[in-house]
Every structure is written in structure tokens, then in C-alpha cells.
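Heavy atoms only: backbone and side chains are in, while hydrogens, waters and symmetry mates are out. Chain letters run A, B, ... following the sequence lines, proteins first and then strands; every chain starts at 1.
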Number of protein chains: 2
Amino acid sequence: MYDDLKRWVRTVPDFPKEGILFRDITPILLEPEALGTVCDIFYERYMQREVDKIAAIESRGFIFASILSYRLGKGLIPLRKRGKLPWKRITETYALEYGEAAIEMHTDAVSPGERVVIIDDLLATGGTARAAVNLIMRQEGIVEECAFVIELSDLEGRNTIEEIPVFCLMSF
Amino acid sequence: MYDDLKRWVRTVPDFPKEGILFRDITPILLEPEALGTVCDIFYERYMQREVDKIAAIESRGFIFASILSYRLGKGLIPLRKRGKLPWKRITETYALEYGEAAIEMHTDAVSPGERVVIIDDLLATGGTARAAVNLIMRQEGIVEECAFVIELSDLEGRNTIEEIPVFCLMSF
């Protein structure tokens, strides 16, 4: 855990609705020292591991995953909301509080046996993370780890991806 | 212009609807050499200019802007779709073919007089770019330049931001 980083997380009450404490990471982005620290931690964790691709969950995951992909010199896989990817793709749906959502991946994004680190800013209930893991596995990729900047530990999202290692920088 | 990069752009016909030729940048992301080249061009362009912040238009703009922000050591401003930013924010709406869309920015993202480079993957009609420029200017920031990976030049989007310098890597 890197609790020093918590000073860069702004807690906003009642967003997106009453009773929710929203953990806002935009202060991390505005402060180069903070963003650099987060990205250095990810880079140092994966630089000596066997990793072929970095998968980025839309859209805040794009920020941290892009920098990691660039620094490692490994390809970046965008996992996008439904209807955004133009080419041959696979889809995973997951439940929301009301209704469902979906994320998609191009079928040429992962080759069988490739090792992929999945990045997002937040692990909450784990619905999106589970869908992301499924997308990689359906193309016979191997999920090396799922990494998040923040974990909302009470929601027990890591249980939804219990067979996959999980790495989080901060827990609330 | 960097027409060598066009080999990394996939043209997908009839997406998102019939008659549209969609320029797909995901092959750039998957190939570290290509992503590195794009980001090096941006970095070399702005490293010796007076730039205080990098603004990223959601969501593919996040990818290129994040890497540029990290490399320059300058703060990253996410310009997000309506309803995503949790704190005090300003909103700019713009017209779509049917209806309208909006992007938002936190009011603490820019200080008066700061010089900002706005990054997105694509300059099409320029509606989003104009809204992004307006957000920065409303907070008394100065838009140093708007930079795009791809320009669809027939759509003349740069006319919508005619007072702002525009930089594009490829034109279709």
C-alpha cells in the first residue's frame, strides 16, 4: 500500500448520487509528481516480469495504462464501452445496479499465450474487471495481473476475479 | 505530415454507419514502435515551448495526452463527457448531427494565464475541439495549440477553432 498517495485523492460526497463517497483521482493527474509516482510504481512492478501487452479499461484506465505501455514498450489494448470499437470484436456484458453494461475488445488485440496486465483506476464491485479478464481469456491470453490505483475494499471486487492476482496502490 | 504513420491506421468501411470510412487507430496502440513515434513527435514539438498543462479529450485523447503529460512532467487535465467529473465544473455543449453533446472540466484544472496544449486523436467537424478550447478560455487559460493524430481535412474542423494553432500528424 502507498498511503502517501491518498493526499492526492479528493473525496467528494454524494456523487454520483446521495450517500456515495466518490474518490476523485483528478488531483493525481494535475500534479506531475503524483502521476509520476503512480506510473513509476506500476513500471517497476512489471518491468522485470514477462508481460506482452497492457490492457486499458475505458476511460480513466486509459490514462495509467497508456503511460505504462509506453514505458514498457509493450502494446496497448483498449477495452472499450459497447459500440466504440470498429473492427472484429468480442463483447462481455456485466450487471449494474440497474440494467447491464458491456465492454468490447478487438479480436486481433491478443494472441494465444500472450501475457496481459489489465489496468483500471478503480476496483469497486469488480464487474468491469471480471468482464475484462473474460475478454482476454476468450482470446486465449493469460492475465498476468489486474492492477488498480484504488480499491474500495468493502465491495470485495477482488472476489469476482479470484483466480487472478490483484495489485492496488490504495485501499479505501 | 507524417504519412509513414498511415500504415498503422486501419480504414473500416461503414462504421459507425453506412457510408462512413472510419479511421481506426488501434493498430498504432498495439505496435509499440508506432505509439512511441507518435508520442515522440508530440514530445519533441512541445518540450521547448512554454506549456503548463496538457488537456485530454475523452476518451482516446486520454491515451496520447497522458503519455505527453508524463514525459513533459506537466499536469494532465481530463476534459470529460457530461456527468463524469465529480467536483466543481464548467460545461460546454456542442451540436451533433442529431441532438447535442457536452464536455466538462473541473474549475481547479486551469489557473489564469496557464498555457495549455489540447490533445485528441481525431479532428473531424471540430465541435469537440471548439468546446475544449472554450472550457480552457473560460478559466482564463491560454490555448497554446490543439494537436491531433488524425485530421479529416474535408470536414474543415480547424475552421471552428480558427484563432488557435492546429497541429496534425496525418490528414485523410
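- Of the listed residues (A:Val12, A:Ile77, A:Leu30, A:Leu72), the one with the most heavy-atom contacts under 4.5 Å to chain B is A:Leu30.
- Linking Ile, Leu, Val, Met, Phe, Trp and Tyr whenever their side-chain heavy atoms come within less than 4.5 Å puts B:Leu5 and B:Phe172 in one cluster.
- The closest side-chain heavy-atom distance from A:Leu76 to B:Ile63 is below 4.5 Å.
- For B:Leu85, the parts lying near chain A are the backbone and the side chain together; criterion is any non-hydrogen pair under 4.5 Å.
- If you measure heavy-atom distances from B:Asp108 to chain A, the contacts under 4.5 Å come from both the backbone and the side chain.
- Between B:His106 and A:Asp24 the shortest side-chain heavy-atom distance falls below 4.5 Å.
- Taking 4.5 Å as the heavy-atom cut-off, none of the residues of residues 139-164 of chain B approach chain A.
- Residues A:Pro32 and B:Gly75 come closest through the heavy atom pair CG-N, 3.6 Å.
- The greatest number of non-hydrogen atom pairs below 4.5 Å with chain A, out of B:Thr26, B:Leu35, B:Ile28, is found for B:Thr26.
- No side-chain N or O of A:Arg60 forms a donor-acceptor pair with one of B:Ser59 less than 3.5 Å apart.
- With rounding to the nearest 0.5 Å, the separation of CG in B:Leu29 from CZ in A:Phe62 is 8.5 Å.
- Ranked by non-hydrogen atom pairs under 4.5 Å with chain A, the options B:Glu31, B:Lys84, B:Arg10 are led by B:Arg10.
- Proximity to chain B involves both the backbone and the side chain of A:Pro86, based on heavy atoms less than 4.5 angstrom apart.
- Only the side chain of A:Lys53 comes within less than 4.5 Å of a heavy atom in chain B; its backbone stays farther off.
- When side chains are defined from C-beta on, B:Tyr70 counts as touching A:Cys39, because their heavy atoms get closer than 4.5 Å.
- Residues A:Arg71 and B:Ile67 form no side-chain contact, since every pair of their non-hydrogen atoms from C-beta on lies 4.5 Å or further apart.
- One hydrophobic cluster, built from ILVMFWY side chains closer than 4.5 Å, cannot hold both B:Val166 and B:Tyr2; they sit in different ones.
- Taken together through direct or relayed side-chain contacts under 4.5 Å among Ile, Leu, Val, Met, Phe, Trp and Tyr, B:Met47 and B:Ile119 form part of one hydrophobic cluster.
- No continuous path of hydrophobic side-chain contacts links B:Leu79 to B:Trp87 [ILVMFWY only; heavy atoms under 4.5 Å].
- Here the OG-CG distance, from A:Ser66 to B:Leu68, works out to 12.0 Å after rounding to the nearest 0.5 Å.
- Of the two parts of A:Ile54, neither the backbone nor the side chain holds a non-hydrogen atom closer than 4.5 Å to a non-hydrogen atom of chain B.
- Under the 4.5 Å side-chain heavy-atom criterion for ILVMFWY residues, no single connected hydrophobic cluster contains both B:Leu123 and B:Val9.
- When the shell of 6.0 Å around CD of B:Glu100 is examined, it contains more than 12 heavy atoms from other residues, nucleotides or ligands.
- Only the side chain of A:Lys81 comes within contact range of chain B, with at least one heavy atom under 4.5 Å from a heavy atom of that chain.
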